[in-house]
Structure formats: C-alpha cells, structure tokens
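Single-structure report; data block below.
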Amino acid sequence: MQAGRSEDAVRLFTRSIELKPDENSCKYMNLGMLAAGHDSLNFYRKGLELMTAELGAATAAGDATQVAKLKNQLCSAYCSICELHMTDLCDEETAEQTCEESLQRAREFAPDSPDLWVQWANLRLCQVNKEEATQFTFRALSIVKRLEEADRPLLEVRCGIVKLLIECEQLDEAEEFARSLLEVDDQYIETWYLLALINY
C-alpha cells in the first residue's frame, strides 16, 4: 500500500483472509480503504467485529497500551464508515442517519480524536450547518494544538483542518495554523496552496 501498488496489496490482503479469516482486523480495514461502495462497507464491518473482540481480549489482559490503541482504531473505523456514507453510499436512504450513528460510536471510543471532529465538521457542512461545523473545527484545532508534535495527526489531516477553517470563513485562524505547519515541513505543497488560497 505504501508503495502505491494497490493491486498487489489487495491480492495479498485477500490471501491473508483466505488463510486466517478471523484474525487481524487490520487487513479488513486496509481492504476497506482500497475497495468502494458496499464492498468497502462489508470489509469495515468485519474489521470492526474483529477489532471489538481484540479490544475485549486486551481489556481482560489489562493491556492498557493495546486498549488505547484499539480504541483509537475503532474510532477511525467508524469515521471511515461515516465518510463512506458521505461519498460512495451518499444516495442510500439511511446515509445521513448512519453518518450520525457512526460518529456517535466513534466518540465513545476516542472523544479526543482530531479525526472525529474533522469528520463531524465535514458532515455539518454537508448539512449546511456552518455554526456547528465551525464549533467542531475549532474543537479539532484545539485538540491538535494540545498534542506533542509526535502525537499529532498527519499533515494531510491538519491541512484538512485548514480547509475547514476556510470553508467556515475563519481566515485569520486558517492562516495562523497553516503557517505553523510550514515549521513542520516547508516542502509540503498543500500547505502553500492553502496559504495562497487564503490570501487570494
């Protein structure tokens, strides 16, 4: 996947499932990202099933580090299901309801996940609810700023927060946060593009 060889990745993940279908939730989550529509949803659901069992085992074993890791992964999985219903499955009759329910579930596992609040802000923008979109964007921004750099989400996610700030017409905050990202990596093209957009 990291090498961009998606077809090979799908073949290998699929073989892994053939060999041990009820072990390792990660292969299902990765296939969910590589697939589309209902195929993607089915992979995510199976991944969630296994991940929930893994969380139960880690909790029973008192493995706090693994519990925290799995809770974040569960949050991310539910956010992915929400995103899927905002894109590929947006025409489903229950798409909006599924989005809300998925994000509520995600919040139960990791209420301080920046990804959660970014996804919720995106959903609110789709619902033309700019007030709550702005609140959720600032919630994500506040969480990111509290984290140490090593624990902060990828620059792609942080640029997503900048985009949300722009869409919510919070241009001063957008520019300030975007400029802080240049201190992390001044070769990341998306940051420069967003700064140009802000100052257009």
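Computed from a predicted structure; not experimentally measured.
With contacts defined as side-chain heavy-atom distances shorter than 4.5 Å, the pair Asp88/Leu41 does not qualify. At least one side-chain heavy atom of Glu92 sits under 4.5 Å from a side-chain heavy atom of His38. Side-chain contact check for Phe13 versus Met1: some heavy-atom pair is nearer than 4.5 Å.
For the pair Tyr28 (side chain) and Met51 (backbone), a donor-acceptor distance under 3.5 Å is absent. The closest donor-acceptor contact from the side chain of Asp39 to the backbone of Ala35 lies at 3.5 Å or more, if one exists at all. No donor-acceptor pair closer than 3.5 Å links the side chain of Trp192 to the backbone N or O of Gln187. Distance alone, capped at 3.5 Å, places no donor-acceptor pair between the Lys27 side chain and the Thr14 backbone. Side-chain atoms of Arg152 come within 3.5 Å of backbone atoms of Leu147 as a donor-acceptor pair (strictly under, hydrogens ignored). Panel note: side chain Arg158, backbone Pro153; a donor-acceptor pair is recorded below 3.5 Å.
Linking ILVMFWY residues whenever their side-chain heavy atoms come closer than 4.5 Å, directly or via other members, leaves Met33 and Leu116 in distinct clusters. The cluster map of Ile, Leu, Val, Met, Phe, Trp and Tyr, joined by side-chain heavy atoms under 4.5 Å apart, puts Leu182 and Val157 in different clusters. Connection of Leu197 to Leu141 is established within a shared hydrophobic cluster, with ILVMFWY side chains joined at heavy-atom distances below 4.5 Å, either directly or through further cluster members. Under a hydrophobic clustering in which Ile, Leu, Val, Met, Phe, Trp and Tyr are joined whenever their side-chain heavy atoms come within less than 4.5 Å, directly or via other members, Leu164 and Tyr193 fall into the same cluster. Criterion: ILVMFWY side-chain heavy atoms under 4.5 Å apart, direct or through other members. Under it, Met29 and Ile81 are part of a common hydrophobic cluster.
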If you apply the rule side chain to side chain contact (heavy atoms under 4.5 Å, CB included), what do you find for Phe109 with Leu70, and how did you get there?
CA-CA 9 Å; Phe109 291 108; Leu70 285 165; over 6 Å; no
Could you check Cys126 against Met86 for side chain to side chain contact (heavy atoms under 4.5 Å, CB included), going step by step and ending with a plain yes or no?
CA-CA 8 Å; Cys126 288; Met86 290 171 63; 3.6 Å; yes
For Arg179 and Glu175, what are the C-alpha separation, side-chain angles and deciding distance, and is it a salt bridge (Lys or Arg N to Asp or Glu O under 4.0 Å)?
CA-CA 6 Å; Arg179 291 197 179 282; Glu175 181 169 10; 3.2 Å; yes
Lys130/Glu169 under salt bridge (Lys or Arg N to Asp or Glu O under 4.0 Å): CA gap, chis, key distance, verdict
CA-CA 9 Å; Lys130 187 179 285 187; Glu169 300 178 356; 3.3 Å; yes
Evaluation steps, side chain to side chain contact (heavy atoms under 4.5 Å, CB included), between Cys159 and Leu194
CA-CA 8 Å; Cys159 280; Leu194 290 170; 3.8 Å; yes
Begin with the C-alpha distance, continue with both residues' side-chain angles, and end with the deciding distance and a verdict on side chain to side chain contact (heavy atoms under 4.5 Å, CB included) for Val10 and Leu31.
CA-CA 7 Å; Val10 169; Leu31 278 170; 4.2 Å; yes
Verdict with reasoning, Glu190 to Lys163, per salt bridge (Lys or Arg N to Asp or Glu O under 4.0 Å):
CA-CA 10 Å; Glu190 182 73 5; Lys163 290 177 186 175; 3.1 Å; yes
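For the pair Ala110 and Asn72, the tightest heavy-atom approach, listed with the atom from each and the gap, is CB-OD1, 3.5 Å. When every heavy atom of Thr137 is checked against every heavy atom of Ala133, the shortest pair comes out as OG1-O, 2.7 Å. Considering every non-hydrogen atom in both Leu103 and Cys79, the closest pair reads CD2-SG, 4.1 Å. Listed here is the closest heavy atom pair of Val118 and Ile161: CG2-CG1, 3.6 Å. For Leu55 against Lys71, the heavy-atom pair with the smallest separation is CD1-CG, 4.2 Å. The minimum heavy-atom distance between Ala106 and Tyr78, with the atom names listed, is CB-CB, 3.8 Å.
Here the CZ-CG distance, from Phe177 to Asp172, works out to 15.5 Å after rounding to the nearest 0.5 Å. Here the straight-line distance linking atom SG of Cys168 with atom CG of Leu125 works out to 5.0 Å at 0.5 Å rounding. Atom CG in Leu50 sits 14.5 Å away from atom CZ in Arg45 (nearest 0.5 Å). Atom CD of Glu132 and atom CH2 of Trp120 lie 9.5 Å apart (nearest 0.5 Å). Atom CD1 in Ile143 sits 13.5 Å away from atom CZ in Phe138 (nearest 0.5 Å). Put simply, OG1 on Thr98 and CD on Glu93 are 10.5 Å apart, with the number rounded to the nearest 0.5 Å.
Between Glu101 and Arg105, none of the side-chain N atoms (NZ, or NE/NH1/NH2) sits under 4.0 Å from a carboxylate O, so this pair counts as no salt bridge.
Defined by atom type and a distance below 3.5 Å, a donor-acceptor pair is present between the side-chain atoms of Glu100 and Gln127. Checked by atom type, the side-chain pair Arg107/Gln104 shows no donor-acceptor distance below 3.5 Å. Between the side chains of Glu54 and Ser25, at least one donor-acceptor pair of N or O atoms lies under 3.5 Å.
The environment of CD in Glu156 is sparse: at most 12 heavy-atom neighbours from other residues, nucleotides or ligands sit within 6.0 Å. The environment of CD in Glu18 is crowded: more than 12 heavy-atom neighbours from other residues, nucleotides or ligands sit within 6.0 Å. Summarising the local packing, CG of Asp91 is surrounded by 12 or fewer heavy atoms from other residues, nucleotides or ligands at distances under 6.0 Å. Within 6.0 Å of the CD atom in Glu176, the count of heavy atoms belonging to other residues, nucleotides or ligands does not exceed 12.
Evaluated for a side chain to side chain donor-acceptor pair (under 3.5 Å) with Ser142, the options Lys145, Arg146, Arg139 yield exactly one hit, Arg146.
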